[in-house]
Amino acid sequence: EVLEPLHDRFGRVSIRSAYRSPELNGFCNQRYVAGDTACWCTDNGSNAAKHIWDRRDEAGHLGATATIVIPAYLDHYERTGDYRPLGWWIRDNVPGYAEIYFFKQLCAFNIRWYEGGSDKAIRRHNPPNDELLTRRGEPNFDGDHQEFYAALA
């Protein structure tokens, strides 16, 4: 209910990052804390039930995160720089996502499954603040958003 709908609609899904062992994640976090901007790992506690799939989070829930690129979307993204059509398509067609976090490079994004509650937020990393597309409780969350991704048909 997360990656399969993307594959069915767009074809190949390129996975750039997914499961991290606690050892690898801890190593990456130590480098990030030391100032290595090539490493973006949060601490193991924060990453449990995210990139560390086999550790329950503080609430006792499991989850999983994968960083992916949709190659078939790249032409549109390179022309427009707009992640939002893909974000709206996911909102309407991928029932199992818990949260999505887009990045500027290649329109890569973290997509998360989570067995606990979720606000189903869709955000874009845009320093100094993240950009919110939608989340549960926002006026634009419910309904059909096809008008925003019709050009992808």
Side-chain angles (χ1 to χ4, degrees), residues 1-25 28-29 38-42 44 46-127 129-153:
E1 291 187 0
V2 178
L3 297 180
E4 288 81 0
L6 289 162
H7 180 268
D8 291 347
R9 167 60 181 85
F10 296 102
R12 187 170 67 89
V13 173
S14 177
I15 298 174
R16 297 176 51 105
S17 176
Y19 173 79
R20 291 186 200 136
S21 69
E23 294 79 17
L24 175 62
N25 191 80
C28 179
N29 178 251
C39 295
W40 285 34
C41 299
T42 60
N44 284 350
S46 298
N47 230 338
K50 292 182 180 172
H51 279 291
I52 302 174
W53 299 357
D54 54 356
R55 286 218 177 149
R56 294 185 181 276
D57 63 12
E58 290 180 355
H61 300 295
L62 290 174
T65 299
T67 307
I68 65 172
V69 171
I70 306 295
Y73 190 74
L74 286 177
D75 284 343
H76 176 83
Y77 183 70
E78 288 172 358
R79 268 193 331 276
T80 66
D82 195 357
Y83 74 98
R84 294 172 298 180
L86 182 56
W88 285 121
W89 187 91
I90 293 169
R91 167 65 196 102
D92 288 355
N93 295 282
V94 180
Y97 87 90
E99 64 182 336
I100 298 169
Y101 193 77
F102 280 93
F103 302 98
K104 289 184 178 181
Q105 185 178 18
L106 299 175
C107 200
F109 58 97
N110 284 352
I111 189 163
R112 183 178 185 216
W113 164 84
Y114 183 62
E115 67 182 13
S118 166
D119 68 0
K120 297 184 85 69
I122 301 175
R123 294 182 176 85
R124 181 179 190 186
H125 180 65
N126 195 21
N129 302 307
D130 287 343
E131 175 184 325
L132 176 68
L133 180 63
T134 193
R135 70 175 164 223
R136 193 181 313 278
E138 293 291 318
N140 67 355
F141 183 80
D142 292 319
D144 184 345
H145 305 93
Q146 189 170 1
E147 65 185 278
F148 300 117
Y149 56 84
L152 300 180

>> So, using ring-ring contact (aromatic ring centres under 6.0 Å, His included) as the criterion, who are the partners of Tyr101 when residues are at least two apart?
In response: Phe103, His125
> At what distance, to the nearest 0.5 angstrom, does CD1 of Ile68 lie from CD1 of Ile111?
Replying inline: 5.5 Å
>> Measuring from atom CG of Leu86 to atom NE2 of His76, what distance do you get when rounded to the nearest 0.5 angstrom?
In response: 8.5 Å
>> Per the salt bridge (Lys or Arg N to Asp or Glu O under 4.0 Å) rule, what does the pair list look like for residues 51-76, sequence neighbours excluded?
In response: Arg56-Glu115
>> Tell me every residue that passes side-chain contact (heavy atoms from CB on, under 4.5 Å) with Asp144, counting only those two or more places apart in sequence or in another chain.
In response: Asp92, Gln146, Tyr149
>> For a quick check under 3.5 Å, do Asn140 and Thr134 share a side-chain donor-acceptor pair by atom type?
In response: yes
>> Holding to ring-ring contact (aromatic ring centres under 6.0 Å, His included), I want the full list of residues that pass it with Phe141, two or more places apart in sequence or in another chain.
In response: none
> Hey, what do you get for CG (Asn44) to CD (Glu23), rounding to the nearest 0.5 Å?
Replying inline: 8.0 Å
> Residues two or more places apart in sequence or in another chain: which of them pass side-chain contact (heavy atoms from CB on, under 4.5 Å) with Phe148?
Replying inline: Trp88, His145
> With sequence neighbours excluded, what pairs up with Glu4 under the salt bridge (Lys or Arg N to Asp or Glu O under 4.0 Å) test?
Replying inline: none
>> Could you work out, with side-chain hydrogen bond (donor to acceptor under 3.5 Å, both in side chains) as the rule, every residue matching Ser118, not counting sequence neighbours?
In response: none
>> Applying salt bridge (Lys or Arg N to Asp or Glu O under 4.0 Å), can you list everything that pairs with Arg123, at least two apart in sequence or on another chain?
In response: none
> Could you give the distance from OH (Tyr114) to OG1 (Thr65), rounded to the nearest 0.5 Å?
Replying inline: 11.0 Å
>> Among residues at least two apart in sequence or on other chains, which ones pass ring-ring contact (aromatic ring centres under 6.0 Å, His included) with Phe102?
In response: Tyr83, Phe109
>> Restricting to side-chain contact (heavy atoms from CB on, under 4.5 Å), what partner residues turn up for Asp142, sequence neighbours left out?
In response: Arg91
> By disulfide bond (SG atoms under 2.5 Å apart), which residues pair with Cys107, not counting sequence neighbours?
Replying inline: none
>> Taking Tyr19's backbone N and O only, do any of them form a donor-acceptor pair with His51's side chain (distance below 3.5 Å, no angle check)?
In response: no
>> Is it the case that the side chain of Arg20 and the backbone of Lys50 share a donor-acceptor pair, with hydrogens and angles ignored and the cut-off at 3.5 Å?
In response: no
> Would you say Tyr77's side chain and Pro71's backbone share a donor-acceptor pair under 3.5 angstrom?
Replying inline: no
> Any donor and acceptor pair, going by atom type alone, linking the side chain of Lys120 with main-chain N or O of Tyr97 inside 3.5 Å?
Replying inline: yes
> Measuring from Leu133:CG to Arg124:CZ, what's the distance to the nearest 0.5 Å?
Replying inline: 10.5 Å
> So, for Trp89 and Pro5, which heavy atoms are closest and what is the spacing to 0.1 Å?
Replying inline: CH2-O, 3.4 Å
> Residues in side-chain contact (heavy atoms from CB on, under 4.5 Å) with His7, at least two apart?
Replying inline: Val13
> Which value, rounded to the nearest 0.5 Å, describes the distance between Ile100 atom CD1 and Ile122 atom CD1?
Replying inline: 4.5 Å
>> For a quick test of reading the model, state the closest non-hydrogen atom pair linking Thr42 to Asn29 and the distance between them.
In response: C-ND2, 3.3 Å
> Does atom CZ of Arg84 have more than 12 heavy-atom neighbours from other groups under 6.0 Å away?
Replying inline: no
